[in-house]
Q: 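Input: one structure, supplied below.
Quick note: numbers below take in every heavy atom, side chains included, and nothing from hydrogens, waters or symmetry partners. Computed from a predicted model, the values in this text were never measured in an experiment.
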Amino acid sequence: MPLLRSAFIALSHNRPLRHFSENSSIGLRVSSRFVAGMEIDDALRIAESVNKQGMSVSLDSLGESVTSELEAYKSAEVYHRLLDAIAERKLNANISVKLTQMGLELSPQLAEGIADDLAQRAAASGSFVRIDMEDSSLTQVTLDIVRRLHARPELRGAIGIVIQSYLYRSQSDIEQLIADGIRVRLCKGAYKEPPEVAFPRKADVDANYIRLSCMLLDSPIFHGLATHDESMIFEAKSFAKQHGIDPSRFEFQMLYGVRRDLQRRLVQEGYNVRVYVPFGREWYPYFMRRLAERPANVIFLAKNFFRF
Ligand SMILES: Cc1cc2nc3c(=O)[nH]c(=O)nc-3n(C[C@H](O)[C@H](O)[C@H](O)COP(=O)(O)OP(=O)(O)OC[C@H]3O[C@@H](n4cnc5c(N)ncnc54)[C@H](O)[C@@H]3O)c2cc1C
């Protein structure tokens with residue numbers, strides 16, 4: 001399985017395959033398992049239906065690693081339109097943003113300026129910007145940007161971050177973020193990382209996930225636990241019960257199209273659930289990371305392919 005995971009992550013960087021997949025009708029059909037559609041309206045329609053099922057949403061306009069300032073501003077424009085639509089339609093939704101899509105690799109100042117504008121727009125309408133976490137070469141700069149923006153009184157509570165339990169550094173990052181009052185989404189981590197920075201064994205990643213989720217639950221800030229792993233969810237629920245932490249003080253987060261049964265069950269049990277809804281034409285790297293997490297999805301997709 002680790003070999004297959006590495007293979008899919010390597011494929012997620014394959015440009016010719018990406019070009020072919022994103023432009024073929026077969027690719028579009030297959031991607032619809034994990035991607036809400038190609039246009040903003042598709043994503044808003046899904047968000048409405050997820051809200052009707054008692055769950056909140058985080059909207060992700062797919063794309064990463066832009067190569068020009070113009071592209072970065074174009075990507076940001078989509079998010080501004082999303083924030084306006086969320087406010088107009090009174091959706092229970094926020095946005096998830098990758099800083100490389102906002103030009104981080106061209107200039108950290110460019111990405112910070114764009115994130116600042118988005119957080120201001122979100123703050124004005126009572127929404128929220130979640131900055132996704134990408135590979136470990138970007139962890140520090142992402143943390144620095146989010147902490148600087150969050151320190152501004154008008155943006156307090158309007159911007160949050162993601163921490164990955166596979167990184168050794170995450171415990172101290174979480175201590176700092178809790179001290180700063182910054183909302184965290186905890187996930188296991190979706191990129192290929194070397195053993196110098198990340199736990200190579202899944203058992204250690206999982207143990208760290210449980211340790212970090214307890215730290216987050218114990219803090220007075222509203223955090224998100226992003227996982228489809230029932231044992232992680234069980235541990236979090238048990239810790240919350242033992243410590244008298246009300247379910248309204250945190251949320252579980254899951255990806256669109258993954259473990260819908262579990263999403264519904266948690267809602268029925270009275271937990272907050274937020275569904276991460278990705279959309280857009282640049283779906284290929286996101287889609288390959290989902291296959292990397294569960295290579296069995298390939299068989300699942302193949303079986304369902306002819307049933308569309
Ligand atoms: C809301 C949300 C936001 C995220 N944001 C980020 C981010 O900013 N940065 C980042 O690095 N990663 C992010 N991730 C991805 C995350 O890091 C993991 O790669 C992913 O969630 C798989 O880990 P898991 O906790 O679900 O458990 P795993 O141990 O990978 O899986 C546990 C079980 O969950 C189910 N499962 C997991 N993944 C899938 C799948 N793709 N399809 C079907 N079943 C599956 C299977 O039953 C599996 O046995 C995010 C995940 C979520 C849910």
Side-chain angles (χ1 to χ4, degrees), residues 18-66 70-103 114-115 117-132 158 185 224 226 251 253-260 263-264 267 273-290 301 304-305 307-308:
R18 174 174 178 174
H19 182 77
F20 169 76
S21 307
E22 288 181 350
N23 293 290
S24 74
S25 59
I26 296 177
L28 292 184
R29 256 168 83 182
V30 171
S31 69
S32 66
R33 179 72 180 88
F34 298 120
V35 177
M38 297 299 123
E39 308 299 337
I40 286 188
D41 277 344
D42 298 325
L44 294 172
R45 209 173 34 250
I46 297 282
E48 261 161 14
S49 108
V50 172
N51 279 175
K52 279 190 189 134
Q53 296 165 55
M55 295 178 272
S56 56
V57 164
S58 198
L59 290 166
D60 171 26
S61 166
L62 289 167
E64 41 206 81
S65 296
V66 295
L70 184 66
E71 264 185 89
Y73 282 116
K74 272 191 181 165
S75 306
E77 185 47 36
V78 175
Y79 278 109
H80 282 287
R81 285 168 58 198
L82 282 174
L83 285 169
D84 287 350
I86 289 170
E88 274 160 27
R89 300 189 189 199
K90 298 190 173 41
L91 293 174
N92 184 358
N94 61 33
I95 55 171
S96 282
V97 176
K98 285 190 174 41
L99 287 183
T100 60
Q101 197 185 4
M102 303 301 138
I114 291 179
D117 290 344
L118 287 171
Q120 289 197 37
R121 187 104 161 213
S125 63
S127 191
F128 176 78
V129 180
R130 174 79 62 186
I131 302 295
D132 282 349
R185 171 202 295 153
E251 68 187 10
Q253 299 186 356
M254 291 186 213
L255 302 178
Y256 173 73
V258 179
R259 292 302 311 266
R260 283 180 264 217
Q263 297 173 12
R264 279 194 292 268
V267 172
V273 177
R274 184 177 298 276
V275 180
Y276 184 100
V277 175
F279 72 97
R281 300 193 172 273
E282 296 180 46
W283 52 265
Y284 175 83
Y286 174 88
F287 181 78
M288 292 313 261
R289 286 199 295 276
R290 300 299 72 86
L301 286 171
N304 283 279
F305 183 70
R307 287 197 209 145
F308 277 81

Q: Closest heavy-atom contact between Val66 and Ser75?
A: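 Heavy atoms of Val66 and Ser75 come nearest at CG1-OG, 3.9 Å.
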Q: Quick one: do Leu82 and Leu44 satisfy side chain to side chain contact (heavy atoms under 4.5 Å, CB included)? Show the steps, please.
A: CA-CA 8 Å; Leu82 282 174; Leu44 294 172; 4.3 Å; yes
Q: Using side-chain heavy atoms (C-beta onward) and a distance below 4.5 Å, is Asn51 in contact with Val57?
A: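 Sidechains of Val57 and Asn51: in contact.
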Q: Listing request: all salt bridge (Lys or Arg N to Asp or Glu O under 4.0 Å) pairs with a residue in residues 273-290, at least two apart in sequence or in separate chains.
A: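 Only Arg18-Glu282, Glu39-Arg281, Glu64-Arg289, Glu251-Arg274, Arg290-Glu293 qualify under salt bridge (Lys or Arg N to Asp or Glu O under 4.0 Å).
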Q: Please assess Leu255 against Phe34 for the test side chain to side chain contact (heavy atoms under 4.5 Å, CB included), listing each intermediate value before the final yes or no.
A: CA-CA 8 Å; Leu255 302 178; Phe34 298 120; over 6 Å; no
Q: Tell me every residue that passes side chain to side chain donor-acceptor pair (under 3.5 Å) with Arg259, counting only those two or more places apart in sequence or in another chain.
A: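 Partners of Arg259 by the side chain to side chain donor-acceptor pair (under 3.5 Å) criterion, ordered by chain and then number, come out as Glu230, Asp261.
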Q: Are the side chains of Phe279 and Leu62 in contact, using a 4.5 Å heavy-atom criterion?
A: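 Of all side-chain heavy-atom pairs linking Phe279 with Leu62, none is under 4.5 Å.
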Q: Within the distance-only criterion (no hydrogens, no angle test), does the side chain of Glu77 pair as donor or acceptor with the backbone N or O of Ala72 below 3.5 angstrom?
A: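 No.
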Q: Please find the pair of heavy atoms, one from Ala43 and one from Ala36, that lie closest to each other, and give the distance.
A: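 Smallest heavy-atom distance, with atoms named: CA-CB, 4.4 Å.
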Q: Could you pull out the closest heavy-atom pair between Met55 and Val267, with the gap in Å?
A: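 Taking Met55 first and Val267 second, the nearest heavy atoms are CG-CG2, 3.4 Å.
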Q: Pairs under 3.5 angstrom only: tabulate donor-acceptor contacts from the side chains of residues 86-97 to other protein residues two or more places apart or in another chain.
A:
from: Asn94; atom 1: OD1; to: Ser58; atom 2: OG; distance (Å): 2.6
from: Ser96; atom 1: OG; to: Ser58; atom 2: OG; distance (Å): 2.7
from: Ser96; atom 1: OG; to: Arg185; atom 2: NH2; distance (Å): 2.8

Q: Do you know the tightest heavy-atom contact between Ala76 and Ile114?
A: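 Taking Ala76 first and Ile114 second, the nearest heavy atoms are CB-CG2, 3.4 Å.
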Q: Mind checking what makes side chain to side chain donor-acceptor pair (under 3.5 Å) contact with Thr100, not counting sequence neighbours?
A: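 Applying side chain to side chain donor-acceptor pair (under 3.5 Å) to Thr100 gives Glu134.
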Q: What residues, two or more places apart in sequence or in another chain, satisfy side chain to side chain donor-acceptor pair (under 3.5 Å) together with Gln53?
A: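 For Gln53 there are no side chain to side chain donor-acceptor pair (under 3.5 Å) partners, ignoring immediate neighbours.
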Q: Rounded to the nearest 0.5 Å, what's the gap from CD on Gln120 to NE2 on His80? Could you check?
A: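 Taking CD in Gln120 and NE2 in His80, the distance rounds to 9.5 Å.
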Q: Between Asp84 and Arg81, is the closest basic N to carboxylate O distance under 4.0 Å?
A: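 Salt bridge absent between Arg81 and Asp84.
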Q: Let me see the working for Val275 and Ser56 under side chain to side chain contact (heavy atoms under 4.5 Å, CB included), right down to the final yes or no.
A: CA-CA 6 Å; Val275 180; Ser56 56; over 6 Å; no
Q: Could you pull out all residues at least two apart from Tyr79 that satisfy side chain to side chain donor-acceptor pair (under 3.5 Å)?
A: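 Scan of Tyr79 (side chain to side chain donor-acceptor pair (under 3.5 Å), adjacent residues dropped) gives Asp60.
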Q: Look only at the side chain of Gln101 and the backbone of Ser61, and say whether a donor-acceptor pair between them is shorter than 3.5 Å.
A: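 Answer holds: yes.
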Q: Can you label the angle between the Tyr276 ring and the Tyr286 ring as parallel, tilted or perpendicular, going by 30° and 60°?
A: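 Aromatic pair Tyr276/Tyr286 classed parallel.
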Q: Within this structure, what is the CG-CD1 distance for the pair Asp41 and Ile46, rounded to the nearest 0.5 Å?
A: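 So the CG of Asp41 and the CD1 of Ile46 are separated by 12.0 Å.
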Q: Over all heavy atoms of both residues, which pair between Lys98 and Gly63 is shortest? Give the atoms and the distance, please.
A: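 Residues Lys98 and Gly63, closest heavy atoms: CD-O, 4.1 Å.
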